[in-house]
Every structure is written in structure tokens, then in C-alpha cells.
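Notes to accompany the following structure.
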There are 2 protein chains.
Amino acid sequence: MKAPIRELADLAPLNLPRGRVAALVQDLRAEIVTGTIAPGATLVQEDLAARFGVSRMPVREAIKHLQMLGFVTVEDNKRARVAELSRDDFVEIYDMREGAEALAIRSAIPHLTNAHIEAAAAIQDRIEGVDPKGFGALNMAFHMTLYRPSGRMRLLTHVEMLFNAADRYVSMVSAGPELKAKANAEHRSLLEHCLARDTAAAEACVRKHISDARDALAQFF
Amino acid sequence: MKAPIRELADLAPLNLPRGRVAALVQDLRAEIVTGTIAPGATLVQEDLAARFGVSRMPVREAIKHLQMLGFVTVEDNKRARVAELSRDDFVEIYDMREGAEALAIRSAIPHLTNAHIEAAAAIQDRIEGVDPKGFGALNMAFHMTLYRPSGRMRLLTHVEMLFNAADRYVSMVSAGPELKAKANAEHRSLLEHCLARDTAAAEACVRKHISDARDALAQFF
DNA sequence: ATATTGAAAATTGGATACAATCTTAGATAT
DNA sequence: ATATCTAAGATTGTATCCAATTTTCAATAT
């Protein structure tokens, strides 16, 4: 009696993965990151509800969620606005990333197995492949694969939030081939330090990886 | 025509400061921090709504907010639970505080005026006064007064969140007089470093202040 | 022309009602 | 006695409706 008699019924309201709020957050996040919804644009609950075919209630919760993630700003009784971008904000995100990810790799290395490192290496292989599409997601997956074994949920959630915040900026510039090559080399050497379980070297590598990226990209804003 | 004809009407629904959600978050946060609502306890939306005299809708948003702040854990369609406490969680919070607050003081010092430092010193005077009540809030105010001039909103919000998370643990132990004296001395020397605009010394001071507190308190959990 | 005011429209905040899901207690079988 | 199943109850998720606030825009005054 494991499978109920619902087959056709499942087709219509599909891919609403247990809670439409999560789906809304993902969709809106993507539109904000790609600039489909411009910085400063207002988000009207009823419009979004109509567009996504739900009521205002899930939209409200999704907007609240996006607010906590820093994607939109909300004042009481006023319409939510997509958060503005600025050079200072970009630098702030990367400065925070440096500290948080240094702590993440430091906490993770004692728990890293070779399987973890190989998984990260496999992701790096894909990053160096031809497909430049979805670089942001792959890059985040590479880093998170190495951080996740730390088991520190607060820290991991925070790092993930910073990655998402950074995406808004990173996706705006098409990184030149020399920058990409540098980043790839740094990923490879980070993998080496992890294999050697050299905590200090790995942490320094992560710090430099991030602060160099900050300095290289900051000029674009 | 500035004042409508509502006088008695204003007395009943008073002190709901523009949005009852904020008030709910504060009240629930306080009850969780003080342990009035124990770790692991379930939060039933309708019960809370009845208790605070509102509908479930503001309660839902408050719970969602508390979730983001790490005070409660929520699974879809299940009742929210007050987050459990653990030694690992405590250490995690303090490790994150060390990195975040080091960055905060470093970013703030170039913008610090003597007025800022004097305001912090005034708060420290109160901390060293007789009244041990409200230490958590005063301590946070002292630190935030020094960090706020950095103007980095993301970072300040994050630091404040970590302070609130730490409160659940700190408020459980009654710090001995020697620990208090040590913390006060560290606050005073931090003020000195700020007056001298010695960024490196101030950052090192903050780091030690936090990591020492971590090591001193961790044993209690 | 520009600024100010006021009222209508738009929009958000909150309450109530219903649907979907989870939880619990009791019945049944082993 | 213990475990399993089932159905009723409890609880959360979503929709719809009303109230409170903000926004807009035209009318008026300067």
C-alpha cells in the first residue's frame, strides 16, 4: 500500500517541491541575480502572485526570506525594492567571505576524507570544461564541498548566503581568461593543501583566493 | 487637522510599534534566551496567537524571522521547535564572532570619532556599575557602538545576530568576578587602542577578548 | 512654473476560512 | 504485552476578505 492511486493528479501541481515558498524564493533570486529584475525595482505582491499563479501569502513569505538574504529591502507598509548594488557592498561581501571561508576550511580539514576531496576535484574538472554556463553554481559547489564536512551549520549557511550575495556582482562581469586561469590554479592548489591536510596553507590559500578576486573585480564597480 | 478624533481608541492597541511582528520577535526571543521556553519545546502558532492576542499571521512571520536568527528550527508542515543548545554550537558562534568582529573593528576605526569612543566609554561605565541586570544588552551596545561607524550594514547585522545567538548561552552562566574584571579590563584597553587609532592592536584585542571568553565559557556546556 | 494639499487608488498588514499534512490515540492482530 | 494500522483530531499552508497605510495625481495656492 505504498503507492496511492494518484497518477494524473500528480501531473498538474508538479514541481512545487513541498512548499511553494522555497520555489518562489529560488525563482525570484534567479531573476534578481541575472538582473531580470533591476536593482531598485519595486516588487508588488499581487503582481508576483498573479505571475506565479499563487496567492499573495506565499509571495509575502518569499519576499521576507529574500529580505533576510539581503536581496531586497523592505520598510513597513511600503513596497519591497530590489537591493541596490555598490562597490562598497561588493567589497563588504568579499571581506566577510574571506573571514568566514577561512574559518570554514580550517574547521573542515580535520573532517575531510579523500572522498570529499575527490568530489571537489570532480567539480573542478567540470569548471575547467568548455561550458562557462552555470559557473557561479559550480564554483559555489566546489567550495561548499570542501567546507561542508566541518558540520558547522551556522557557518555553512552564512557562507552560502555570502556566495549568493556575491553572485549578483560576479554574474555581471565576464571574467577574462587570465582571471579564470588564476582562479583554476588556486582551486587546484587548494585541493593539494587539503590532500596534505595542511590547515595553515589551505586557509592562507582561501584567503588569498578571495582577497585577490576582490581586488581584481572591485574595479568593475 | 493633524489629530483625528481618536483618543480612547488609541489606548487599547497601544505600544504595538508599527508592525506587531517586530514586537512578537522581541518577546519570543526574550523568552527563548531566558529559557522560559525551553530548548526543544514546540511552538504552536495558534497558541502563541491566542497568548499575544493576534491572529496566526503575525506569529507565522515572527517564527520565520526567529528561524533565520537561528532560535528555532522549522520543517515543512511540522511544528517549529526551539533550537537545541550544544557546546559545539557555542564554540561555532564564538569562532564566527572572532572573525566578524575583528573585521568590524578594523573597518570602523578609520571612521571613529572621539565622540563615538566616548559614547562607548560611557556604556562601559554603566557595565562596571553595580547593576548586573541587562549585562548582555549593555555589552552588545558597547561593542556595536564601536563597530557601527564602519557603516557596513551587512556586517553589522551579522554581528548583531551572533550577539543574540550568544546570549542564549551567556545568560545561563553567572560569570564570576574575576571573569568580569578581565572582560572590563579588555574593554578599557580596547578603548585605548581606539583612541590611538591603532587598528592592528584593536583587532588583536577584540580577537583575544572573544577567544578567551570562548575558552573560559566553553567548559560550562 | 513650483510647491502644497486632499482625496482616490493602489498596496501592504492582519483576520478569517478552507485545504493539505502531520500527529495521536484507539482498535486490531500477532 | 507489543506492534501495526486506521481514522479522527490537531496543526500548518494557502486563499480570500477587510482594515490601515502609503502612493499617486489632479486641484489649488503661492
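Not measured: the values here are computed from a predicted model. Each chain gets a letter, A, B and so on, in the order its sequence line appears, and its residues count up from 1. All values below come from the heavy atoms of this structure, side chains included, with hydrogens, waters and symmetry mates left out.
Within 6.0 Å of atom CE in B:M172, 12 or fewer heavy atoms from other residues, nucleotides or ligands are found, so the atom counts as exposed in its surroundings.
Ion pairing between a basic and an acidic side chain is recognised when a charged N comes within 4.0 Å of a carboxylate O; B:E46 and B:R56 show no such pairing. Taking a cutoff of 4.0 Å between a charged side-chain nitrogen and a carboxylate oxygen, B:R106 and A:D95 do not qualify as a salt bridge.
Taking 4.0 angstrom as the limit, A:R81 places none of its side-chain polar atoms (N or O) nearer than this to OP1 or OP2 of C:dT12. Distances shown here put every side-chain N or O of B:R79 at or beyond 4.0 Å from the OP1 or OP2 atom of C:dC22.
B:E61 has its side chain within reach of A:R60: a pair of non-hydrogen atoms, C-beta onward, lies under 4.5 Å apart. Within the 4.5 Å cutoff, the side chain of B:F71 has no heavy atoms near those of the B:H65 side chain.
Judged by distance alone, the side chain of B:R154 and the main-chain N or O of A:M96 form no donor-acceptor pair under 3.5 Å.
As a whole-Å value, the separation of B:E75 CD from C:dT23 C1' is 14 Å. When the P atom of D:dT22 is taken as reference, atom CG of A:D76 falls 9 Å away, rounded to whole Å.
Every residue was checked against the salt bridge (charged side-chain N to carboxylate O under 4.0 Å, His left out) condition with B:D215, not counting sequence neighbours, and none meets it.
In this structure, B:R87 is not positioned above the aromatic face of B:F90 in the sense of NZ or CZ being under 6.0 Å from the six-membered ring centre and within 45° of the axis.
Nearest-nucleotide positions on DNA chain D place B:M57 closer to the 5' end than the other of A:K78 and B:M57.
A heavy-atom distance below 4.0 Å to DNA chain D is reached by these residues of residues 59-67 of chain B, ordered by number: B:R60. Of the residues in residues 37-48 of chain A, none lies under 4.0 Å from DNA chain D by heavy-atom distance.
In the interface, the side chain of A:R56 is paired with the base of C:dG13 through a donor and an acceptor atom under 3.5 Å apart.
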